[in-house]
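See structure below.
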Amino acid sequence: MSLNQLTVAKFGGTSVADYAAMLRCADIIKNDPTNRLVVVSASSGVTNLLVRLSQAEVDASEQQAIITQISDIQHNILAHLNDELLTHEIHQLLVELADVARQQGQDYSVKVADTILSFGEQMSSRIFAKVLQQVGVEGAYFDVRQVMKTNSLFGQAVVDLEQLKLHAQQFLAPKLTEQVIVTQGFIGQDAQGDTTTLGRGGSDYSAALLAEALSAHHLAIWTDVVGIFTTDPRITDQARSIKEISFGEAAEMATFGAKILHPATLIPAMRQNIPVFVGSSKEPEKGGTLIQQSVESKPTYRSIALRREQTLVTVKSPAMLHASGFLAKVFAVLAKHELSVDLITTSEISVAMTFDNPTGSMQALLNSNVLEELEQLCEVSVEHGLSLIAVVGNNIHRTNGVGTSIFDTLQGINVRMICQGASEHNLCFLVEEQQANEAVEKLHRNLFAH
Ligand code: ADP
Ligand code: ASP
Ligand code: MG
């Protein structure tokens with residue numbers, strides 16, 4: 001088989017949740033011979049259990065209970081495979097996991113936390129390779145850590161693109177001509193040989209990076225919904241699947257919280273111009289969404305994304321009036337603490353900034369040294385419990401009446417901050433967490449009801 005039509009296929013947690021789900025994915029691979037590289041997430045629920053297991057305060061009996069739950073999820077699949085060798089391999093991994101968890105219980109480290117988190121993908125990928133074999137596809141397991149080289153920023157490791165490309169060409173590409181290779185999303189390895197992870201939901205990004213490194217022709221993200229919807233279908237049943245969407249719009253959606261894609265997923269795809277398909281592994285026949293560079297339709301309103309758990313920090317200082325260099329000082333403090341600002345608005349003497357809370361640590365971080373240092377420069381106020389809503393589309397910044405259509409709809413909802421103008425693809429604002437779903441529903445009804 002030549003590689004002139006390589007598709008990288010990624011299956012998320014629900015797609016590999018149990019044996020029946022894995023069989024559906026195996027059929028998808030079987031039905032399209034261009035699917036040569038398969039990237040899998042951990043079986044649904046496993047990473048959440050591993051996150052708990054990796055925490056400092058978990059005692060021995062809870063550790064045992066968590067490992068039993070994970071073992072049950074994996075053994076329910078193994079029971080259908082009748083493969084002693086594989087069952088033994090998974091058993092060994094679970095024993096190793098228990099050891100590492102014990103070590104973590106005695107002496108917590110972020111490094112060990114990442115090792116713990118990696119076991120979900122290590123198990124699901126081994127098991128899925130076997131399921132492929134069962135449906136008659138020659139599938140082989142590959143440890144992605146051979147190629148996914150990263151720095152040592154545990155929990156949020158940054159991939160070394162050059163090394164990835166080099167190693168992928170050397171170790172992966174030759175195998176792909178002979179077999180379907182099954183590998184792990186989400187995990188990598190640093191220069192010391194320690195396991196790292198790329199951040200929650202990172203398997204989409206892993207698949208896109210591998211597609212780029214191998215110059216794949218397509219990337220297929222198989223999940224539990226029939227493509228990208230006009231908004232999260234869990235918020236309103238009015239949401240509907242989008243047939244095609246441009247890289248620019250989809251990237252904004254991912255950035256602004258549409259959980260369907262990890263925020264970084266489209267960056268490698270855009271660099272290499274690789275079209276990305278998003279579909280449901282439960283209903284592959286229903287099609288899905290094609291994300292590509294240029295698309296025929298460019299509606300003003302394409303979708304609404306919602307990101308919860310936002311923190312708004314407002315800094316205020318009369319010294320800002322007609323002065324220069326104040327913002328630089330504020331940002332120097334944030335940079336020192338590696339805090340990244342999302343939205344920002346300014347007035348004569350104040351600046352409001354939003355921060356995301358991807359690891360649940362934002363509250364702690366913002367309550368500590370950062371605030372003290374900022375308080376030496378200015379007055380600081382912090383508000384938690386906000387949600388960011390992004391209306392994504394085309395030419396938003398040049399279309400008359402966008403503001404009216406959006407904000408007239410939101411009567412009765414307190415809009416805390418608005419950002420518009422920097423991007424042609426979005427208008428964003430903050431609302432109180434409790435009003436977020438209502439705001440999205442109302443907007444969706446008004447902007448998408450035809
Ligand atoms: P996977 O485990 O396959 O990576 P995720 O749970 O990470 O799946 O992402 C899929 C989920 O994303 C869907 O079940 C849906 O609830 C949510 N989602 C959020 N925004 C959107 C959107 N605009 N379109 C489709 N799904 C969305
Ligand atoms: N298993 C990892 C997570 O749950 C990565 C992923 O599913 O994309 O975050
Ligand atoms: Mg995901």
Side-chain angles (χ1 to χ4, degrees), residues 9-17 21 24-25 39-52 54 70 73 113-114 116-125 144 148 155-157 183-188 196-209 220-243 245 249-265 278-283 286 288-289 291 301-308 358-360 389-393 436-437 440 443-444 448:
K10 178 259 171 177
F11 295 103
T14 42
S15 300
V16 292
R24 286 193 293 265
C25 299
V39 177
V40 293
S41 293
S43 299
S44 186
V46 170
T47 309
N48 284 349
L49 288 166
L50 291 168
V51 167
R52 178 67 190 148
S54 72
I70 295 174
I73 295 172
D114 265 12
I116 292 177
L117 258 57
S118 73
F119 277 80
E121 271 74 9
Q122 290 192 54
M123 291 190 281
S124 61
S125 53
V144 84
M148 197 63 79
Q156 206 70 53
T183 197
Q184 310 79 40
F186 183 51
I187 71 174
T196 55
T197 63
L198 311 187
R200 292 302 307 268
S203 295
D204 300 326
Y205 183 44
S206 301
L209 286 169
I221 305 276
W222 294 100
T223 178
D224 60 354
V225 281
V226 189
I228 299 182
F229 281 56
T230 45
T231 194
D232 188 339
R234 279 177 301 194
I235 299 179
T236 165
D237 57 12
Q238 304 289 304
R240 48 177 202 275
S241 178
I242 298 165
K243 277 279 147 246
I245 182 170
E249 293 166 273
E252 300 253 355
M253 280 185 73
T255 310
F256 286 112
K259 191 185 169 231
I260 183 89
L261 289 178
H262 178 276
T265 310
V278 181
S280 165
S281 66
K282 275 193 199 129
E283 304 170 296
K286 289 202 171 158
T289 303
I291 312 170
Y301 305 115
R302 181 77 86 180
S303 66
I304 306 166
L306 170 65
R307 196 156 78 188
R308 299 182 201 274
T359 56
I389 295 176
V391 176
V392 174
N437 276 19
V440 172
L443 270 176
H444 194 275
F448 293 94

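Count residues from 1 along the sequence. The figures that follow rest on heavy atoms only: side chains count, while hydrogens, waters and symmetry mates do not. Counting convention: from 1, in listed order, for ligands and their atoms alike.
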Next item on the list: To the nearest 0.5 angstrom, please state how far the NE2 atom of His262 sits from the OG1 atom of Thr255.
Entry: 10.5 Å
Under a 3.5 Å threshold, I'd like every N/O contact between ligand 1 and protein atoms, with atom names and distance.
from, atom 1, to, atom 2, distance (Å)
ligand 1, 2 (O), Gly13, N, 3.2
ligand 1, 3 (O), Thr223, OG1, 2.7
ligand 1, 4 (O), Lys10, NZ, 3.1
ligand 1, 6 (O), Lys259, NZ, 2.7
ligand 1, 8 (O), Thr223, OG1, 3.2
ligand 1, 12 (O), Ile260, N, 3.4
ligand 1, 14 (O), Asp224, OD1, 2.8
ligand 1, 14 (O), Asp224, OD2, 3.2
ligand 1, 16 (O), Asp232, OD1, 2.9
ligand 1, 16 (O), Arg234, NE, 2.8
ligand 1, 16 (O), Arg234, NH2, 3.1
ligand 1, 23 (N), Phe229, O, 3.1
ligand 1, 24 (N), Phe229, N, 2.8

Margin query: Measuring only between side-chain heavy atoms, which start at C-beta, is Leu306 closer than 4.5 Å to Asp232?
Written below: no
Check: With atoms numbered from 1 as shown, which atoms in ligand 2 lie under 4.0 angstrom from a non-hydrogen atom of Arg200?
Finding: 3 (C), 4 (O), 9 (O)
Next item on the list: Give a yes/no on ligand 2: does Glu121 have at least one heavy atom closer than 4.0 angstrom to it?
Entry: yes
Notebook entry, point to check: Would Thr197 and Asp114 count as having a side-chain donor-acceptor pair, cut-off 3.5 Å?
Noted result: yes
Notebook entry, point to check: Between Arg200 and Asn48, is any side-chain donor less than 3.5 angstrom from a side-chain acceptor?
Noted result: yes
Checklist line | Gly201 heavy atom under 4.0 Å from ligand 2 | finding: yes
Check: Can you tell me how far CZ of Arg234 sits from CZ of Phe229, rounded to the nearest 0.5 angstrom?
Finding: 11.5 Å
Next item on the list: Quick one: look up the protein heavy atom nearest atom 6 (C) of ligand 2 and list residue, atom name and how far away it is.
Entry: Ser203 OG, 3.3 Å
Notebook entry, point to check: Does anything in residues 221-230 pair up under side chain to side chain donor-acceptor pair (under 3.5 Å), and if so which pairs, sequence neighbours excluded?
Noted result: Thr230-His444
Notebook entry, point to check: Within less than 4.0 angstrom of ligand 2, does Gly185 place any heavy atom?
Noted result: no
Checklist line | Atom indices of ligand 2 within 4.0 angstrom of Ser41 heavy atoms, with elements | finding: 6 (C), 7 (O), 8 (O)
Next item on the list: Nearest 0.5 Å please: distance from the CD1 atom of Ile116 over to the CG atom of Leu49.
Entry: 12.5 Å
Item checked: Heavy-atom side-chain contact between Ile228 and Leu261 under 4.5 Å -> yes
Item checked: Within-cut-off N or O pair, Thr47 and ligand 2, under 3.5 Å -> yes
Item checked: Nearest heavy atoms of Ser125 and Gln184, plus distance in Å -> OG-NE2, 3.1 Å
